[in-house]
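Beneath this line is the structure, given in structure tokens, with notes to follow.
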2 protein chains.
Amino acid sequence: MMQSRQSDALRAAQLYYLQDLTMDAIARELRTSRSTVSRLLSAARDSGLVQIQIRSPLDTGPELEGMIRAEYKVDVHVVPVVDTLNEAETLDRVAMQAARTIGPLVDSNAIIGVAWGSTLSAVSRHLTRKITHDSVIVQLNGAGNMQTTGITYASDIMRRFGSAYGARVEQFPVPAFFDHAATKKAMWNERSVQRILELQARMSIAIFGVGSVDADYPSHVYAGGYLDEDDLNVLANSDVVGDVATVFFRADGSSDGITLNARSTGPDLAQLRQVRRRICVVSGASKINGLRGALAAGLATDLILDEASARRLVRFDGLG
Amino acid sequence: MMQSRQSDALRAAQLYYLQDLTMDAIARELRTSRSTVSRLLSAARDSGLVQIQIRSPLDTGPELEGMIRAEYKVDVHVVPVVDTLNEAETLDRVAMQAARTIGPLVDSNAIIGVAWGSTLSAVSRHLTRKITHDSVIVQLNGAGNMQTTGITYASDIMRRFGSAYGARVEQFPVPAFFDHAATKKAMWNERSVQRILELQARMSIAIFGVGSVDADYPSHVYAGGYLDEDDLNVLANSDVVGDVATVFFRADGSSDGITLNARSTGPDLAQLRQVRRRICVVSGASKINGLRGALAAGLATDLILDEASARRLVRFDGLG
DNA sequence: TTCCCATCTGCACGTTTGTGCATAGTGCTT
DNA sequence: AAGCACTATGCACAAACGTGCAGATGGGAA
């Protein structure tokens, strides 16, 4: 009997979305009450049975998207926001739309790399369910730091992704940054770590935000006790503009010779670029410099960002 | 300024479907009235900007779909209908759901073969718009007969497909059946005809119904004056069970030695089977024998049919 | 300029939909 | 068999939505 609920939901969804019946009519057809139908439909929606997708007409699309798409060769989704919204509300909206945009891209047998940070945390809260088979969520970079193991925060994000897509979750239990490059080297030879690295090498989708060194509200990485005073000084005095998954880069997208990267735990940029679908989510105009670097480095195939950032991205285009 | 309507619609759609705002809130954001937003959204829906799709969970799906899928190796969509509906209402529902199921499958650069008949006519009336580039709609078989040229009826169907998908329409201006096989042979060497045949050979999608010889309400082909008395007698006394696009076949799916086929204008079965996606739409339980033959012949990759027919299809499975 | 036609807009109303709450059902434990 | 915890259901109300209509708006043609 419990079984029939799922199939009722399917039936209701067909009648409602594909045949334009009213809930009332559907209720009579299923011999139940209208309110039950309402609930069946919302269950159908957030169990991923019903997929709603918006395909912006690539040609006639809003000029903003067109310009960014042309300039950086990424598939861009600009999230409309009003400027009365504060930082947190904007993030929430971007995250919601990002989550729903990602949904349709996820498929069975996918290996999905997920970074962590405030952006990804927000996205993870808005994921819509979609049942897949044999998918894996793999953590892109370590989360431990000097104060905590960072486990709960990062693993909450991972867990949400896992349960939304019915996927196995593979955590990456190392610190965000090693204190000594040698330790990283040693760990990278451990078989437990190699298992994760191999998964990462086979990723079909990667999802990440960007950190920007000069952001008004600095990213977790710069503020959360992951780096010590010396490291921060080195960063401030170099020409590094931002990071993706703890790996730093300059405005022109280059990353060679940045010593800190020898201690960070995310996939190096060349490896990241191998991933077929690389989704970058950005909210907040102060991340603009980091974002420019990431785009210059060709790290993203898909970019989801708020309207204000999109404007800044095209406006001051030449400058740093 | 006219331009802004399209982009308002996109924006409204994002806010409504991806961010769950109410129309009221969207109206304030766009500085317009709620009713305008309601209209923008419905414009967005039926211009194909918003795509709603239902993915039945292949495993846990209703047993009926599962059984058919397993038995005939087709991707099946059972359209739920109540048994109080009459033939015409059922057709309408099946057609609406078929139209919306087809939508997401159509892509740019597609060559779409379309048959004609009461089923396809109904489907064509319910198509939802979707803008594609360089797609072509090509007519699968001729439509002329003894009384009329059949042009308007068939071409209305074609035109609707064309305008729904923004595609070029290629008609096939020959009779449904030639009187003499020799005439067909001659025509098939004409360059104007060969142009169509070449398009058909490159189809990426074919959409058709089935005719069933013993249907209660006979298909157009059997009733519309396309065949003469003698032809119908021959059919009745042979073991032919039905046709797809004027090409006849037997219950086991074979079609060799059916002389009428030398005079019919649709693609032969072997050629049809080359098409990547072959969508068969069936409404009305009396077409069941024709449908069995078509499935036995492996003509469809996707089957959309009403629930009652689906039941009959699995129930009496062994019999003819 | 003036007029006209076609389209867009907001209002008001009726319809459709979401949801808190009390109740009924279901399965599991003791 | 009774009790319990949990979930599903229907009702009633409030919120959200669609649409006919009348007035506004805009872009030609005379």
Side-chain angles (χ1 to χ4, degrees), chain A residues 1-52 54 57 60 62 80 82 92-93 96-97 99-100 125-126 128-129 131 163, chain B residues 1-54 57 60 62 80 82 92-93 96-97 99-100 125-126 128-129 163:
Chain A
M1 269 297 86
M2 239 0 5
Q3 161 66 336
S4 84
R5 203 180 154 80
Q6 171 80 342
S7 88
D8 274 0
L10 176 62
R11 196 173 169 125
Q14 293 182 123
L15 294 169
Y16 191 78
Y17 288 107
L18 302 182
Q19 295 186 27
D20 280 347
L21 300 204
T22 72
M23 294 187 182
D24 213 6
I26 298 170
R28 283 196 297 278
E29 201 153 304
L30 297 185
R31 295 164 201 294
T32 180
S33 76
R34 196 187 50 69
S35 17
T36 297
V37 174
S38 169
R39 283 187 264 253
L40 281 175
L41 286 174
S42 71
R45 274 190 304 269
D46 46 48
S47 71
L49 217 115
V50 175
Q51 298 267 77
I52 297 181
I54 295 189
T60 168
V82 273
D92 208 55
R93 283 202 183 197
M96 185 180 305
Q97 187 159 332
R100 301 200 180 175
R125 268 171 243 277
H126 290 291
T128 51
R129 300 181 74 76
I131 297 93
S163 74
Chain B
M1 271 299 85
M2 235 11 348
Q3 163 66 336
S4 83
R5 202 179 156 79
Q6 171 81 343
S7 87
D8 274 2
L10 175 62
R11 197 175 167 122
Q14 291 180 128
L15 294 169
Y16 191 79
Y17 289 107
L18 302 182
Q19 294 187 28
D20 279 350
L21 301 204
T22 71
M23 294 188 183
D24 216 3
I26 298 170
R28 283 195 297 279
E29 198 152 309
L30 298 185
R31 298 165 199 293
T32 181
S33 74
R34 196 183 52 69
S35 14
T36 297
V37 174
S38 168
R39 282 186 266 255
L40 281 174
L41 286 173
S42 69
R45 275 190 303 269
D46 46 49
S47 72
L49 216 106
V50 176
Q51 298 267 80
I52 297 179
Q53 192 168 166
I54 295 189
T60 166
V82 273
D92 209 55
R93 284 202 181 196
M96 184 178 307
Q97 186 157 334
R100 300 199 179 175
R125 268 173 242 276
H126 290 291
T128 52
R129 299 182 74 75
S163 73

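The chains referred to below are lettered A, B, ... by the order of the sequence lines, with proteins before strands, and numbering in each begins at 1. Just so it is clear, the structure is predicted and the values come from calculations on it, not from any experiment. The basis for the numbers below is simple: all heavy atoms, side chains too, and nothing from hydrogens, waters or symmetry mates.
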(message) Can you list everything that forms a side-chain contact (heavy atoms from CB on, under 4.5 Å) with B:A99? Sequence neighbours excluded, please.
(response) B:V123, B:H126, B:L127
(message) My understanding is that only residues two or more places apart in sequence, or in another chain, count here; which of them pass side-chain contact (heavy atoms from CB on, under 4.5 Å) with A:S38?
(response) A:M23
(message) Just so I know, are the side chains of B:M96 and A:L18 near enough to count as touching, which here means a heavy-atom distance under 4.5 Å?
(response) no
(request) To the nearest 0.5 angstrom, please state how far the OG1 atom of A:T32 sits from the CZ atom of A:R39. (result) 9.5 Å
(request) Look at the side-chain N and O atoms of A:T22 and state whether any lies under 4.0 Å from the OP1 or OP2 oxygen of C:dT16. (result) no
(message) Applying side-chain contact (heavy atoms from CB on, under 4.5 Å), can you list everything that pairs with A:S42, at least two apart in sequence or on another chain?
(response) A:R45
(request) May I ask you to verify if any side-chain N or O of A:Y16 is less than 4.0 angstrom from the OP1 or OP2 atom of C:dT17? (result) yes
(message) From CZ of A:R34 over to C1' of D:dA14, roughly how many Å is that when rounded to an integer?
(response) 12 Å
(message) Base contacts versus sugar-phosphate-only contacts with protein, heavy atoms under 4.0 Å: please encode nucleotides 20-25 of chain C as B, S and - from 5' to 3'.
(response) B-----
(request) Taking only heavy atoms on the protein side, list every residue of residues 24-32 of chain A lying under 4.0 Å from any atom of DNA chain D, sorted numerically. (result) A:T32
(message) Tell me every residue that passes salt bridge (charged side-chain N to carboxylate O under 4.0 Å, His left out) with A:R100, counting only those two or more places apart in sequence or in another chain.
(response) B:D20
(message) Whole angstroms only, please: what is the OH-C1' distance between A:Y17 and C:dT16?
(response) 13 Å
(message) I'd like to know if B:E29 and B:R34 make a salt bridge, using a cut-off of under 4.0 Å between side-chain N and carboxylate O.
(response) no
